[in-house]
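Side chains are part of it too, since the values below use all heavy atoms of this structure and drop only hydrogens, waters and symmetry mates. It should be emphasised that the depicted structure is a prediction, and the values quoted were computed from it without experimental measurement.
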Amino acid sequence: MGASGTTRSARGSGDLSPDPALVLGIDTSCDDTGVGIALGGKVLANVVESQTALHARFGGVMPELASREHLEVIDDVLSRALAQAGVGLQDLDAVAATRGPGLVGALLVGLSYGKALAWGLGLPFVPVHHLEGHLAAAGADPPFVALLASGGHTALFAVPDWGAVTELGRSRDDAAGEAFDKVARLLGLGYPGGAALARLAAAGDDTAVALPFPMQGDKGLEFSFSGLKTAVALLLERDPGVRPADVAASFERVVVGSLVSVTLRALARTGLARLVVAGGVAANVRLRREFAAAGVDVSFPPPALATDNGAMIALAGAMRLASGRVPEHPLRADAEPYLPLTGAAR
Amino acid sequence: MSAGGSLLLGLDCSTPHLAVAVVDPRSGTLAARSDDVGRAHAALIAEALEALLGACGAAARDFAAVGVGVGPGSYTGVRVGVAAALGVARAWGVGCVGVSSLAALPATLVGPGARVVAASDARRGNVYAQLLERRDPRPWAVSYVELEAPRKLGRSELTAEYPGVPCLEYRTVAVAHGTETLVVPEASALAWGAAGAAAGAGEPPKPHYL
């Protein structure tokens with residue numbers, strides 16, 4: 001990453017090069033309360049209070065419950081992040097928070113807290129697009145093609161520069177991570193079971209079960225996973241004796257195959273050489289292996305930053321400060337549950 | 001400006017009104033704003049605070065604590081208010097105290113020593129209600145003592161539950177001192193609720209999810 005911020009900080013001495021900005025980032029877009037601190041592309045703190053256990057018994061995220069929990073823990077998560085980084089609030093140069101997309105009630109907690117914190121400290125506030133955070137976490141410099149594959153999104157973007165993004169294509173229905181979680185539930189692996197499904201797949205035969213390849217024959221840059229999920233459901237109904245590991249392995253082969261083939265097409269079509277893969281599905285071992293096998297210059301977020309967190313928001317916020325692409329009235333930013341990444345430059 | 005950090009900030013986002021106030025415990029309300037912002041509390045809170053401090057010439061170092069309305073009211077609004085109050089209190093290094101949002105219904109309309117039922121609409125024929133007493137005899141000390149926890153009850157039960165106690169309801173017209181006034185939240189009483197709170201001490205504000 002290596003982007004240095006414009007900063008007023010007096011940290012360090014005798015060095016005339018501009019100090020990188022010390023930025024605090026907050027993410028409360030879904031069911032994790034994340035606060036992180038970054039200094040010039042380096043993560044100094046990354047504290048995530050996960051609500052997964054709280055929502056597991058409902059089989060999905062309960063928005064009202066998530067919002068309540070964020071409010072309960074956010075002040076404490078901030079304390080832990082400051083302690084982890086070994087800095088005080090007075091050392092910060094800016095505060096960034098996710099403004100969207102996500103669950104609106106959940107977003108509002110982190111956004112309101114972050115704004116008030118920045119205003120109270122007299123610091124710049126940087127509203128950040130959640131997905132830009134995931135991209136920043138990979139540590140690659142633009143230009144690149146980005147594949148975002150998580151429980152909420154599956155899409156391809158061209159990113160010529162930070163804050164300048166065009167969408168190349170997306171899923172017409174389910175997100176890839178959503179398909180993983182839904183199939184995991186069909187296999188009785190609980191919620192969220194995407195990671196458990198991938199572990200089970202390692203023990204299976206990935207050619208044992210015939211599943212339809214999504215968008216077969218299509219030459220576009222879109223994805224589709226709901227038909228695949230339905231095919232698995234029908235298969236389990238028809239043949240309850242099928243080995244779950246074989247189902248998992250075959251399902252994973254098809255999902256990863258689809259993600260990789262469409263992404264390679266996007267790289268060829270844009271002429272861009274670099275790829276950033278982000279979102280929860282970026283942690284998938286098979287996906288990483290297949291991109292590597294295809295000889296792509298690919299960056300993934302480090303495992304600690306692969307799922308939702310505040311550190312990636314701090315990194316993206318620092319990028320925005322350095323590039324000057326910040327909204328005119330950042331303190332007026334509102335939560336935007338459906339904010340497209342292509343609108344993040346506003 | 002009063003020196004030494006003794007001012008109190010009050011704020012409430014539990015109704016469509018965004019209410020903010022600065023109170024000096026020695027002289028009363030220095031500045032207060034209450035605007036119907038619909039659902040734009042999160043978008044407007046920082047600017048409202050900026051304008052509020054500008055109106056009374058107060059700065060971060062002048063404050064001793066923050067009092068915030070914890071409902072009952074809009075769950076989302078309450079959370080925006082509490083999150084903002086926590087953020088400001090954290091930045092200033094002062095305490096943050098949760099106060100019933102019903103106490104934001106203006107104590108200026110109630111004489112010292114008097115009791116009042118503060119109420120706001122809770123939809124489906126219900127109201128949020130709470131018995132409050134304005135105990136402080138000083139005319140500029142517009143604070144309330146909460147005589148009970150806020151509750152939700154049928155609108156028709158209000159008079160039977162609180163016989164003879166005047167009711168002050170959000171967005172109704174009250175007559176006080178011979179003039180008609182629209183009842184809207186006023187954050188001074190919330191600021192008063194934070195008097196004496198130290199940074200990091202006590203319970204963090206807990207919303208009333210009624």
Mind checking whether A:T307 and A:M312 have side chains closer than 4.5 Å, heavy atoms only? no
For chain B, which of A:Q90, A:E72, A:E64 has the most heavy-atom pairs under 4.5 Å? A:E64
Relative to chain B, which of A:L111, A:I74, A:L78 shows the most heavy atom pairs under 4.5 Å? A:L78
Check whether NZ of the Lys or CZ of the Arg A:R170 lies under 6.0 Å from the centre of the six-membered ring of A:F157 and within 45 degrees of that ring's axis. no
Okay, side chain of A:R320, backbone of A:R325: is any donor-acceptor separation there less than 3.5 Å? yes
Which one, A:G105, A:A335, A:G120, A:S112, leads in non-hydrogen pairs under 4.5 Å with chain B? A:S112
Identify which part of B:L49 has an atom lying under 4.5 Å from any heavy atom of chain A, answering side chain, backbone, both or neither. both
Does any heavy atom of chain A fall under 4.5 Å from the side chain of B:P207, the backbone, both, or neither of them? side chain
Measure from NZ or CZ of B:R151 to the centre of the six-membered ring of B:Y128, then state whether that distance is under 6.0 Å and the direction lies within 45° of the axis. no
Kindly say whether A:W162 contributes a backbone atom to a donor-acceptor pair with the side chain of A:E132 at under 3.5 angstrom? no
With a 4.5 angstrom heavy-atom cut-off, which part of A:L71 approaches chain B: side chain, backbone, both or neither? both
Thinking salt bridges, do A:D334 and A:R99 make one under a 4.0 Å N-O criterion? no
Is chain B contacted by the side chain of A:L82, its backbone, both, or neither, given a heavy-atom distance below 4.5 Å? side chain
